[in-house]
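Numbered from 1 within each chain, the chains take letters A, B, ... in sequence-line order.
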There are 2 protein chains.
Amino acid sequence: MIPTDLIKGSIKTIVLKLLKEEGPMHGYAITRKVEELTEGKIKLTYGALYPILHKLEKDGSLVTASENFNNRIRIYYALTPKGHTVVADKIKELNEFIESLQRIVDTKPGLSHA
Amino acid sequence: MIPTDLIKGSIKTIVLKLLKEEGPMHGYAITRKVEELTEGKIKLTYGALYPILHKLEKDGSLVTASENFNNRIRIYYALTPKGHTVVADKIKELNEFIESLQRIVDTKPGLSHA
DNA sequence: ATATAATATATAAGTTGGTTGTATATTGCA
DNA sequence: TGCAATATACAACCAACTTATATATTATAT
């Protein structure tokens, strides 16, 4: 399990990216998918996930549609056109972040003080 | 510039990793090096950096040595044996994190709902 | 002369993005 | 009968930052 502090800031981007690739999803399915993709290394908590989804809905990045499945309410979240713009930006940011981290972890013992 | 929320949790690991590869460094030099390695995409703030360094010193991961350079105090931070253990763990975590993020951003449109 | 940028460290106050705990409700399995 | 899985929601709390501020020297530009 990757510690929560490391993951914190990227949850929103992860959620948006999944909705982009998988199409409309409900909250529970999002947590399952993240666990599946990361082999259990990233687990979203509902206390983090739902506030993020609600916020994205409020700001117009997502729209919701309720569905009844086996007497359980499922609320599907789908990207709006605005959401598609937002996710594109966020993924770009995340890629730059990943690249920067890699440059740092790939740094080999400095010749600078050899 | 990568937004701060994304970087937040990884600052401690970045600092430790630099000290591992570059040897003892002072705070200001750490911020320079991070900017250099990431081509200005990651900039550490002193309000974040110094508290982290002080904390790592307190917990025995770092030791300090003061030096006078051009009438400016420089405080060099160096990894202790404990610090070397800590940084190894942190880098492992960071690599898992990077790998997980890549799996998510590399996800292509799902065949799952084709 | 004078101001500004770069060098160098430090800390208090405030924000935010989460965690943890709790509540509710159905289905399926042991 | 009870536990695990499915499904959403929110209030209280906390840690890790940002922002602002303070201090002090050296180098560069006007």
Side-chain angles (χ1 to χ4, degrees), chain A residues 1-16 18 24-36 40 42-59 62 64-78 90 93-94 97, chain B residues 1-16 18-19 24-36 40 42-59 61-62 64-78 90 93-94 97:
Chain A
M1 265 285 278
I2 297 163
T4 166
D5 291 341
L6 229 43
I7 301 160
K8 272 194 176 190
S10 28
I11 297 182
K12 193 189 282 186
T13 306
I14 290 171
V15 169
L16 287 166
L18 283 188
M25 298 178 88
H26 55 100
Y28 186 74
I30 291 171
T31 66
R32 300 282 92 173
K33 191 70 187 175
V34 170
E35 271 193 61
E36 183 200 320
I42 295 180
K43 292 184 189 185
L44 303 188
T45 61
Y46 302 115
L49 178 62
Y50 286 111
I52 283 173
L53 289 171
H54 299 335
K55 206 180 163 193
L56 287 170
E57 191 190 358
K58 232 175 230 168
D59 81 23
L62 302 179
T64 59
S66 291
E67 191 184 277
N68 213 294
F69 181 80
N70 271 18
N71 271 336
R72 284 194 201 93
I73 296 165
R74 278 182 173 175
I75 302 174
Y76 281 84
Y77 294 86
K90 289 274 173 193
E93 275 175 11
L94 193 61
F97 177 50
Chain B
M1 266 284 278
I2 296 164
T4 164
D5 291 341
L6 229 43
I7 300 159
K8 271 194 177 188
S10 27
I11 297 181
K12 194 189 282 185
T13 305
I14 290 171
V15 169
L16 287 166
L18 283 189
L19 292 175
M25 299 177 88
H26 56 101
Y28 186 73
I30 292 171
T31 67
R32 299 282 93 173
K33 191 70 187 176
V34 170
E35 271 193 62
E36 182 200 320
I42 294 181
K43 291 183 188 182
L44 302 187
T45 61
Y46 302 115
L49 178 62
Y50 287 111
I52 283 173
L53 289 172
H54 300 335
K55 205 182 162 191
L56 286 170
E57 191 190 359
K58 231 175 231 168
D59 82 22
S61 296
L62 301 179
T64 59
S66 290
E67 191 183 279
N68 213 294
F69 181 79
N70 270 18
N71 271 336
R72 284 195 199 91
I73 296 165
R74 278 183 173 175
I75 302 173
Y76 280 84
Y77 294 86
K90 289 274 174 195
E93 273 175 11
L94 193 62
F97 178 49

Asks: Go through the structure and list residues passing side-chain contact (heavy atoms from CB on, under 4.5 Å) with B:Pro3, not counting sequence neighbours.
Replies: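 Only A:Glu93, B:Leu6 meet the side-chain contact (heavy atoms from CB on, under 4.5 Å) criterion with B:Pro3.
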Asks: If you restrict it to nitrogen or oxygen atoms, what contacts under 3.5 Å exist between nucleotides 26-30 of chain C and the protein, and what is each distance?
Replies:
unit_1, atom_1, unit_2, atom_2, d
C:dT26, O2, A:Arg72, NE, 3.1
C:dT26, O2, A:Arg72, NH2, 3.0
C:dT27, OP1, A:Asn71, ND2, 3.0
C:dT27, O4', A:Arg72, NH2, 2.8

Asks: Hey, what are the protein-to-nucleotides 13-17 of chain D N/O distances that come in under 3.5 Å?
Replies:
unit_1, atom_1, unit_2, atom_2, d
D:dC17, OP1, B:Lys8, O, 2.1
D:dC17, O5', B:Lys8, O, 2.8
D:dC17, O3', B:Thr4, OG1, 3.4

Asks: Measure from CG on A:Leu53 to C1' on C:dG17 and round the result to the nearest Å.
Replies: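 About 15 Å, once rounded to whole Å.
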Asks: Considering residues at least two apart in sequence or located in another chain, which fulfil the side-chain contact (heavy atoms from CB on, under 4.5 Å) criterion with B:Arg32?
Replies: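 Listed in chain order: B:Tyr28, B:Glu35.
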Asks: Give a yes/no answer on whether the side chain of B:His54 brings an N or O atom under 4.0 Å of OP1 or OP2 in C:dT11.
Replies: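 So the side-chain polar atoms of B:His54 do come within 4.0 Å of the phosphate oxygens OP1 or OP2 of C:dT11, strictly under.
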Asks: Touch check for B:Phe69, heavy atoms < 4.0 angstrom, all strands: base, sugar-phosphate only, or nothing?
Replies: sugar-phosphate
Asks: Counting the atoms with a prime plus P, OP1 and OP2 as sugar-phosphate, which does B:Tyr76 contact under 4.0 Å by heavy atoms, base, sugar-phosphate, or nothing?
Replies: nothing
Asks: Starting from C1' on C:dT19, measure out to CD1 on A:Ile2 and report it in whole angstrom.
Replies: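 Taking CD1 of A:Ile2 and C1' of C:dT19, I get 17 Å after rounding.
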Asks: Given that A:Arg74 and A:Pro51 both sit by DNA chain D, which one's nearest nucleotide is further toward the 5' end?
Replies: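 Its nearest nucleotide being more 5', the pick is A:Arg74.
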Asks: Return the value, rounded to whole Å, for the distance between atom CG of B:Leu49 and atom C1' of D:dT18.
Replies: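 For the pair B:Leu49 CG and D:dT18 C1', the rounded distance is 14 Å.
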Asks: From CD1 of B:Ile75 over to P of D:dA24, roughly how many Å is that when rounded to an integer?
Replies: 16 Å
Asks: Evaluate side-chain contact (heavy atoms from CB on, under 4.5 Å) for A:Ile30 paired with A:Ile14, printing each intermediate quantity in order.
Replies: CA-CA 9 Å; A:Ile30 291 171; A:Ile14 290 171; over 6 Å; no
Asks: With sequence neighbours left out, what residues match B:Ile52 under side-chain contact (heavy atoms from CB on, under 4.5 Å)?
Replies: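 Checked B:Ile52 against side-chain contact (heavy atoms from CB on, under 4.5 Å); matches are B:Ile11, B:Lys12, B:Leu56.
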Asks: Just by distance, do the side chain of B:Asn70 and the backbone of B:Arg72 share a donor-acceptor pair under 3.5 Å?
Replies: no
Asks: Starting from P on D:dT8, measure out to CG on A:Leu44 and report it in whole angstrom.
Replies: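 Spelled out: CG on A:Leu44 to P on D:dT8 is 13 Å.
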Asks: In whole angstroms, how far is the P atom of C:dA25 from the CD1 atom of A:Ile73?
Replies: 11 Å
Asks: Over all heavy atoms of both residues, which pair between B:Val34 and B:Leu18 is shortest? Give the atoms and the distance, please.
Replies: CG2-CD1, 3.5 Å
Asks: Shortest non-hydrogen contact from A:Gly27 to A:Tyr50?
Replies: CA-OH, 3.8 Å
Asks: Among residues at least two apart in sequence or on other chains, which ones pass side-chain contact (heavy atoms from CB on, under 4.5 Å) with A:Thr64?
Replies: A:Glu57, A:Ile75, A:Tyr77
Asks: OH of A:Tyr46 versus P of C:dT19: gap in Å, rounded?
Replies: 13 Å
Asks: I need the minimum non-hydrogen distance between A:Tyr46 and A:Pro51, along with the two atoms involved.
Replies: O-CD, 3.6 Å
Asks: So does B:Tyr50 get a side-chain nitrogen or oxygen closer than 4.0 Å to the phosphate oxygens (OP1/OP2) of C:dA10?
Replies: no
